[in-house]
Amino acid sequence: MENMNTAAEDFASLLEESFATSDVYEGTVVKGTIVAIEKDLAVIDVGLKVEGRVPMKEFGAKGRAGELAVGDEVEVYLERVENALGEAVLSRDKARREESWVRLEVAFEAGEKVTGQIFNQVKGGFTVDLDGAVAFLPRSQVDIRPVRDVTPLMHNPQPFQILKMDKRRGNIVVSRRTVLEETRAEQRSELVQSLEEGQTVEGVVKNITDYGAFVDLGGIDGLLHVTDIAWRRINHPSEVLTIGQSVKVQIVRVNQETHRISLGMKQLETDPWSAIEAKYPLDSKFSGRVTNITDYGAFVELEPGIEGLIHVSEMSWTKKNVHPGKIVSTSQEVEVVVLEVDASKRRISLGLKQTLQNPWEAFADKYPVEAIVEGEVKNKTEFGLFIGLEGDVDGMVHLSDLDWNRPGEQVIEEYKKGDVVKAVVLDVDVEKERISLGIKQLASDPFEAAAGEVRKGAIVNCEVAEIKENGLEVKLADSDLTAFIRRADLGRERGDQDPARFNVGDKFEARITQFDKKTRRVGVSIKALEIAEEKEAVAQYGSSEAGSSLGDILGAALKARDTD
């Protein structure tokens with residue numbers, strides 16, 4: 001019994017000594033030799049007269065069997081030295097995983113790319129074999145643009161960038177997109193450096209937006225702005241371009257820092273604005289098509305690439321403060337007159353109303369001064385009436401031209417919008433677009449009629465029309481004229497200057513002291529008549545120096561007048 005115990009102890013010590021002199025430990029990666037291949041299993045001798053079996057597929061990439069032969073030396077992971085069958089429990093997968101983690105951590109720290117193969121699709125992405133270690137490839141990290149079919153990419157060795165590693169959880173996240181972007185950035189930098197402004201290149205329309213199109217120049221995109229597609233106005237790039245279309249473009253600008261490239265197509269064509277002034281002389285007429293309407297006017301295409309603006313003020317002679325869209329419509333063919341050409345600013349000013357006769361000129365030709373016209377009252381203002389006339393023009397009757405005798409503010413109340421009235425043309429100012437009319441001129445001027453009979457210094461019969469505190473309002477006999485006698489002119493003596501001594505309807509003689517046709521004023525005076533009579537009496541019947549009193553002289557004069 002004692003010998004048996006001694007033998008067991010010796011065997012254990014020999015085993016420990018054997019382990020001590022070898023590199024075989026449980027939980028480590030060890031080297032072994034393939035001694036046999038049984039169907040899909042490889043029999044591997046890892047030393048210590050211990051063998052284990054490993055599936056052949058563990059020696060290949062994920063999803064593929066490995067290609068090994070008897071005698072090949074391989075590395076495997078020793079999980080246990082002996083199992084129930086007396087065999088070593090080996091794993092090639094775990095060995096590869098251990099080896100890979102070490103290499104991957106070094107690459108991750110250094111920011112280096114690693115090689116792997118996409119071998120399976122999982123929720124949210126794909127699994128990648130990084131030479132034994134399994135990593136997750138999110139779907140958003142597969143390519144620069146979304147990829148519908150990943151089949152061509154699977155089982156092909158390709159570079160990946162490690163984004164995150166967590167050995168405790170066994171998680172590795174990789175990206176294929178980062179590698180592609182880096183490669184593309186390098187290619188883009190090389191391509192941008194090879195491009196020069198003014199160079200003509202070919203490209204393919206990659207994308208179309210409202211403001212232009214992106215053209216692939218072979219690894220880098222350039223922007224072809226909508227205004228650089230053609231010399232003519234283009235509302236949307238899709239009018240000219242389609243995705244996938246090959247186009248010839250010119251490099252307009254290159255930014256080496258941001259790698260932004262501006263392209264142009266119209267620059268490859270002759271600029272239609274060259275020699276534009278000779279082609280479109282001032283005051284010449286041309287036909288064009290309305291391409292765009294704004295609040296301030298309408299753009300008219302005279303030829304491809306050449307547009308002019310009809311400002312709203314040049315659209316109609318008579319329609320003021322009207323939106324251009326109510327005068328012309330998009331795509332309408334119109335005849336215009338060239339008003340101004342500025343080649344440096346690439347601007348042509350056009351006129352639409354100039355193709356029609358000026359309605360004020362037409363009116364002046366047809367209705368000279370003193371002609372009688374008829375129209376509808378369009379508007380009443382504080383200074384007169386506006387009358388609608390032939391040719392869609394308006395004429396104005398000033399308050400002072402409504403009535404000969406009555407105030408205009410009073411007379412205008414007798415008119416209302418819509419009334420049809422007659423008037424006399426007083427003046428037409430074509431340049432200022434004004435027509436002056438008069439209604440009172442339809443009748444003769446009573447002042448003019450009386451002018452032939454009434455003159456300054458004449459003696460007239462007056463009738464009191466109204467008594468005021470400062471004088472009398474009187475009507476002159478045998479005329480429609482009225483006059484005002486001031487208080488001081490009511491008599492020579494102070495006692496005779498009181499308006500209260502008169503009654504409405506009283507008649508008397510007075511002398512005209514003022515007769516102004518321009519201001520239409522008539523002034524009369526009783527006092528002036530009395531002074532004139534006194535002078536005349538003194539001259540005819542003597543003077544106070546001859547011994548006659550003033551009373552005697554006036555008495556003789558009055559007697560002589562009564563006798564006559």
Side-chain angles (χ1 to χ4, degrees), residues 398-411 438 440-564:
H398 194 269
L399 288 177
S400 62
D401 290 313
L402 288 172
D403 194 279
W404 289 112
N405 300 314
R406 294 181 296 162
E409 293 82 2
Q410 174 185 337
V411 179
K440 72 181 184 181
Q441 285 80 2
L442 291 169
S444 59
D445 184 356
F447 197 90
E448 288 290 335
E453 302 175 4
V454 180
R455 64 187 182 280
K456 185 176 181 180
I459 299 172
V460 292
N461 291 317
C462 302
E463 181 179 343
V464 178
E466 185 179 355
I467 300 172
K468 297 183 178 180
E469 186 178 346
N470 60 339
L472 299 177
E473 191 77 38
V474 297
K475 183 179 179 182
L476 304 186
D478 302 324
S479 72
D480 294 328
L481 298 179
T482 59
F484 183 75
I485 305 176
R486 297 178 303 167
R487 186 186 188 102
D489 289 319
L490 290 177
R492 189 173 177 186
E493 301 298 330
R494 191 173 185 84
D496 296 333
Q497 294 176 354
D498 185 5
R501 73 186 182 90
F502 294 90
N503 296 310
V504 175
D506 286 355
K507 295 180 181 180
F508 53 82
E509 286 184 334
R511 187 183 183 93
I512 295 178
T513 56
Q514 181 185 18
F515 190 79
D516 192 335
K517 292 183 181 180
K518 191 173 182 180
T519 60
R520 302 177 63 81
R521 287 184 179 178
V522 179
V524 295
S525 171
I526 298 174
K527 178 180 178 180
L529 176 60
E530 291 176 345
I531 293 174
E533 288 177 342
E534 179 183 337
K535 287 182 179 180
E536 185 179 351
V538 170
Q540 291 185 14
Y541 300 101
S543 66
S544 56
E545 292 179 357
S548 300
S549 66
L550 180 60
D552 295 336
I553 295 171
L554 290 177
L558 291 173
K559 183 177 181 181
R561 187 183 67 177
D562 293 341
T563 304
D564 293 339

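Values reported hereafter were calculated over all heavy atoms of this structure, with side chains retained and with hydrogens, waters and symmetry mates removed.
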I'd like to know if the side chain of Arg487 and the backbone of Glu469 have a donor-acceptor N/O pair within less than 3.5 Å. yes

Ile485 and Val474, any side-chain heavy atoms less than 4.5 Å apart: yes

Measure the shortest side-chain to side-chain distance between Lys468 and Pro499 over non-hydrogen atoms and say whether it is less than 4.5 angstrom. no

Roughly how far, to the nearest 0.5 Å, is OG1 of Thr482 from NZ of Lys475? 9.5 Å

If I take atom SG from residue Cys462 and atom CG from residue Leu529, how far apart are they, to the nearest 0.5 angstrom? 9.5 Å

In short, Phe484 meets Glu473 closest at the heavy-atom pair CD1-OE1, 3.5 Å

Measuring only between side-chain heavy atoms, which start at C-beta, is Asn461 closer than 4.5 Å to Leu476? no

Closest approach of Arg501 and Leu490, non-hydrogen atoms and distance? NH2-O, 3.0 Å

Write down the atom of Val411, the atom of Arg406, and the distance for their closest heavy-atom approach. CG2-CB, 3.7 Å

Salt bridge check, Asp489 against Arg486: does any charged N sit closer than 4.0 Å to a carboxylate O? yes

Taking all non-hydrogen atoms of both residues into account, name the closest pair between Thr513 and Ala528 and its distance. CG2-CB, 3.8 Å

If we only count heavy atoms from C-beta on, is the Val504 to Ile467 side-chain gap below 4.5 Å? yes

Atom pair CZ (Phe502) and CD1 (Ile526), whose distance is rounded to the nearest 0.5 Å: 4.0 Å

Closest approach of Val524 and Ala510, non-hydrogen atoms and distance? CB-CB, 4.2 Å

How long is the straight-line distance from CD of Glu530 back to CD of Glu493, given to the nearest 0.5 Å? 8.0 Å

Does the pair Leu402 and Leu399 meet the rule for a side chain to side chain contact (heavy atoms under 4.5 Å, CB included), with working shown? CA-CA 6 Å; Leu402 288 172; Leu399 288 177; 4.0 Å; yes

Determine yes or no for a side-chain-to-main-chain donor-acceptor pair under 3.5 angstrom, with Lys440 supplying the side chain and Ser400 the backbone. yes

Could you go through the side chain to side chain contact (heavy atoms under 4.5 Å, CB included) check for Gln441 and Asp401 one step at a time? CA-CA 7 Å; Gln441 285 80 2; Asp401 290 313; 3.0 Å; yes

Nearest non-hydrogen partners of Lys507 and Glu463, listed with the distance: CE-OE1, 3.8 Å

